[in-house]
Amino acid sequence: MKSTTKEERIKDDSKRRDLFVFVRQTMCVAAMYPFGYYVKGSGVLVDLVRVCDLAYELFNYFVSVHIAGLYICTIYINYGQGDLDFFVNCLIQTIIYLWTIAMKLYFRRFRTGLLNAILSNINDEYEPRSAVGFSFVTMAGSYRMSKLLIKTYVYCCYIGTIFWLALPIAYRDGSLPLACWYPFDFTQPGVYEVVFLLQAMGQIQVAASFASSSGLHMVLCVLISGQYDLLFCSLKNVLASSYVLMGANMAELNQLQGEQSAADAEPGQYAYSVEEETPLLELLKVGSSMDFSSAFRLSFVRCIQHHRYIVAALKKIERFYSPIWFVKIGEVTFLMCLVAFVSTKSTTANSFMRMVSLGQYLLLVLYELFIICYFADIVFQNSQRCGEALWRSPWQRHLKEVRSDYMFFMLNSRRQFQLTAGKISNLNVDRFRGTITTAFSFLTLLQKMDSRE
């Protein structure tokens, strides 16, 4: 019974599946991806969905644009009046809403073709399981990790931004979640409820847009790292795959497995996958009658094609995200600086609740920057390990036959792939630390300017 359960689990883990279900739904909520994706074909229902989709997108633009416009007017009206705390708070919200609008347009209108190409290419061509060998890994580990991380991040974004909606309810003073200027009296019955609803919708859109832009980046990096795990396992089992195609007997497989085990004793070789052993009896059932040269060439070419697929997918991700992250690094730097400044200036009777909400904003901004830099660094580290995987195979057994192919692959795999911000700054943990240092340098400057007034 236990053996059957394990076989069913392995079979389920090796199935192809849609890798972007939750993050695509989040993008739909943010109007950054069409709901029409879920309705195929033609007819009245499809046309109705498209009309509703367009109406929802336009409504979201209206909500975000009108709030950003009101904050710009608020900054203009209050400029030079000496209330730096209020001015900076308005500037924070203006930056957040302008970024939200920019992300909606970028994902939905400007680069929608490239976005669809990335999602469809990874979904249609990813390898669900490593090649046949003494051990194997599947995409199940990275898929589960991507789901856990994106759900945690999305929920944190919703909680952090919607928390502002609870402040007027807690104060019971007839105020709004977002303190901006209105050209009319919003406290009138009926008007207040409508304005409150629009601001609530705006906050939800901010959460969904931020979660979608950086959340998709995180999911893509985790899934690509999972593909590197599969390639790593296939490469170190490339000779085992060749022996299986040759129709090797049990004694030959046992000897080869012993040699490979000696060179492959290091634990923790994979980013997200869990390695499992393949029973030798199963390998005997797969065998054919090829010669070593043909079998090795077939096994090795599959690995090369898989490596090319991963690099091609990363190039598309780099083309899509590099311009965004170039602007994002600057935006995050200023947001961290401004949020920290407003937090230190909150001295009103409502300062505790205000500092809690601002603290959540600061944590979310730091969390987003960490996601961008850390997972890009994980991809970079995995891209360096392909050549290392080959040395874990018992290459000395067939040194003469495999030397040229091994050297060719090793030379090509030395070109590690680095995700960047605008082709200028590499995205890694050092970039994360550097951005925080820059933000708090600006904070010190801002506090000195405030103390002189």
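The shown structure was predicted, so the numbers you read here are calculated from the model rather than taken from an experiment.
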**Request:** Please report the C-alpha distance between E368 and S214 in whole Å, then the side-chain angles of each, then the deciding distance to 0.1 Å, and finally whether the side chain to side chain donor-acceptor pair (under 3.5 Å) criterion is met.
**Result:** CA-CA 7 Å; E368 183 184 29; S214 48; 3.2 Å; yes

**Request:** Report the C-alpha separation of Y97 and Q203 in whole Å, then their side-chain angles, then the decisive distance to 0.1 Å, and conclude whether the side chain to side chain donor-acceptor pair (under 3.5 Å) test is met.
**Result:** CA-CA 9 Å; Y97 275 92; Q203 287 296 91; 2.8 Å; yes

**Fill in**
Scanning both residues in full, the closest heavy-atom pair of S234 with A131 reads OG-N, 2.9 Å

**Message:** Quick check: closest heavy atoms across S273 and L230, and the distance to 0.1 Å?
**Reply:** OG-CD1, 4.4 Å

**Item:** Partner of Q227 under side chain to side chain donor-acceptor pair (under 3.5 Å), chosen from E127, E125, H306
**Value:** H306

**Prompt:** Is there side-chain contact between P183 and L70, with at least one heavy-atom pair below 4.5 Å?
**Reply:** yes

**Item:** Non-hydrogen atoms of C28 and Y56 that approach each other most closely
**Value:** O-CE2, 3.6 Å

**Message:** For Y374 and F370, take the angle between the two ring planes, folded into 0 to 90°, and tell me which bin it lands in: parallel under 30, tilted 30 to 60, perpendicular over 60.
**Reply:** parallel

**Prompt:** Hey, does F380 have a side-chain heavy atom less than 4.5 Å from the side chain of Q384?
**Reply:** yes

**Message:** Taking side chain to side chain contact (heavy atoms under 4.5 Å, CB included) as the criterion, tell me which of I118, T420, L427, L220 meets it with Y321.
**Reply:** L220

**Message:** Just verifying a value: how many Å separate Y272 OH and L223 CG, rounded to the nearest 0.5 Å?
**Reply:** 9.5 Å

**Message:** Between R431 and T435, does the side chain to side chain donor-acceptor pair (under 3.5 Å) criterion hold? Intermediate values first, please.
**Reply:** CA-CA 6 Å; R431 177 71 271 168; T435 304; 3.3 Å; yes

**Request:** Search all heavy atoms of M201 against all heavy atoms of N60 and return the closest pair with its distance.
**Result:** CE-OD1, 3.6 Å

**Prompt:** Mind checking what makes side-chain contact (heavy atoms from CB on, under 4.5 Å) contact with Y76, not counting sequence neighbours?
**Reply:** none

**Complete:** The reported gap from CG in D229 to OG in S130 (rounded to nearest 0.5 angstrom) is 10.0 Å

**Request:** Sequence neighbours left out, what pairs pass side-chain hydrogen bond (donor to acceptor under 3.5 Å, both in side chains) with at least one residue falling in residues 25-36?
**Result:** Y33-N116

**Message:** I'd like to check F210 versus S212 (side-chain heavy atoms, cut-off strictly below 4.5 Å). Are they in contact?
**Reply:** no

**Prompt:** Going by an N to O cut-off under 4.0 Å, is there a salt bridge joining E331 and K328?
**Reply:** yes

**Message:** Run the side-chain contact (heavy atoms from CB on, under 4.5 Å) test on L105 and Y61 for me, step by step, so that the C-alpha distance in whole Å, both residues' side-chain angles and the decisive distance to 0.1 Å come before the verdict.
**Reply:** CA-CA 9 Å; L105 291 171; Y61 286 139; 3.5 Å; yes

**Message:** Any non-hydrogen side-chain atom of N121 less than 4.5 Å from a side-chain atom of Y126?
**Reply:** no

**Prompt:** Quick one: does NZ or CZ of K147 land under 6.0 Å from the six-membered ring centre of F22, within 45 degrees of the ring axis?
**Reply:** no

**Prompt:** Are F375 and V379 close enough that some pair of their side-chain heavy atoms sits under 4.5 Å apart?
**Reply:** no

**Request:** Tell me, with the steps shown, if S322 and K423 meet side-chain contact (heavy atoms from CB on, under 4.5 Å).
**Result:** CA-CA 7 Å; S322 182; K423 305 289 185 182; 4.2 Å; yes

**Asked** Would you find a donor on one side and an acceptor on the other, under 3.5 Å apart, between the side chain of S142 and the backbone of M139?
**Response** yes

**Message:** Looking at R109 and E57, is there a salt bridge between them, counting it only when a charged N and a carboxylate O are closer than 4.0 Å?
**Reply:** yes

**Gap separating the CZ atom of F107 from the OG atom of S213, nearest 0.5 angstrom** = 5.5 Å

**Message:** Test side-chain contact (heavy atoms from CB on, under 4.5 Å) on E276 and V137; report intermediate values, then the result.
**Reply:** CA-CA 6 Å; E276 300 199 43; V137 295; over 6 Å; no

**Message:** Has S241 got a side-chain atom pairing as donor or acceptor with N237's backbone, closer than 3.5 angstrom?
**Reply:** yes

**Euclidean distance, L114 CG relative to Y106 OH, rounded to 0.5 Å** = 7.0 Å

**Asked** So do C373 and N428 actually touch side chain to side chain, heavy atoms under 4.5 Å?
**Response** no

**Asked** Does F326 have any side-chain contact (heavy atoms from CB on, under 4.5 Å) partners at least two apart in sequence or in another chain, and if so, which?
**Response** I424

**Asked** With sequence neighbours left out, what residues match Y143 under ring-ring contact (aromatic ring centres under 6.0 Å, His included)?
**Response** none

**Message:** Going by salt bridge (Lys or Arg N to Asp or Glu O under 4.0 Å), name the residues that satisfy it together with R297, two or more places apart in sequence or in a different chain.
**Reply:** D405

**Asked** Would a 4.5 Å heavy-atom cut-off, applied to side chains only, mark Y228 and S383 as touching?
**Response** yes

**Asked** Salt bridge between R24 and D18, side-chain N to carboxylate O under 4.0 Å?
**Response** yes

**Prompt:** S225 and N382: which non-hydrogen atoms are nearest, and at how many Å?
**Reply:** OG-ND2, 3.6 Å

**Item:** Closest non-hydrogen atom pair between V311 and F417, with its separation
**Value:** O-CE1, 4.3 Å

**Asked** Passes ring pair (Phe, Tyr, Trp, His ring centres under 6.0 Å), Y153 versus Y158? Steps please.
**Response** CA-CA 9 Å; Y153 180 49; Y158 281 134; over 10 Å; no

**Item:** Atom pair NE2 (H217) and CG (L419), whose distance is rounded to the nearest 0.5 Å
**Value:** 6.0 Å

**Asked** Is there a donor-acceptor contact under 3.5 Å from the side chain of Q93 to the main chain of C90?
**Response** no

**Message:** Can you confirm whether T100 sits close enough to K104 that some side-chain heavy atom of one is under 4.5 Å from a side-chain heavy atom of the other?
**Reply:** yes

**Fill in**
Residues at least two apart in sequence or cross-chain that pass side-chain contact (heavy atoms from CB on, under 4.5 Å) with V194, listed by chain then number, are L198

**Gap between atom CG of L119 and atom CG of N123 - 0.5 Å precision** = 7.0 Å

**Message:** Run R144 and L148 through side-chain contact (heavy atoms from CB on, under 4.5 Å) and show every step you take.
**Reply:** CA-CA 6 Å; R144 294 191 190 103; L148 174 64; over 6 Å; no

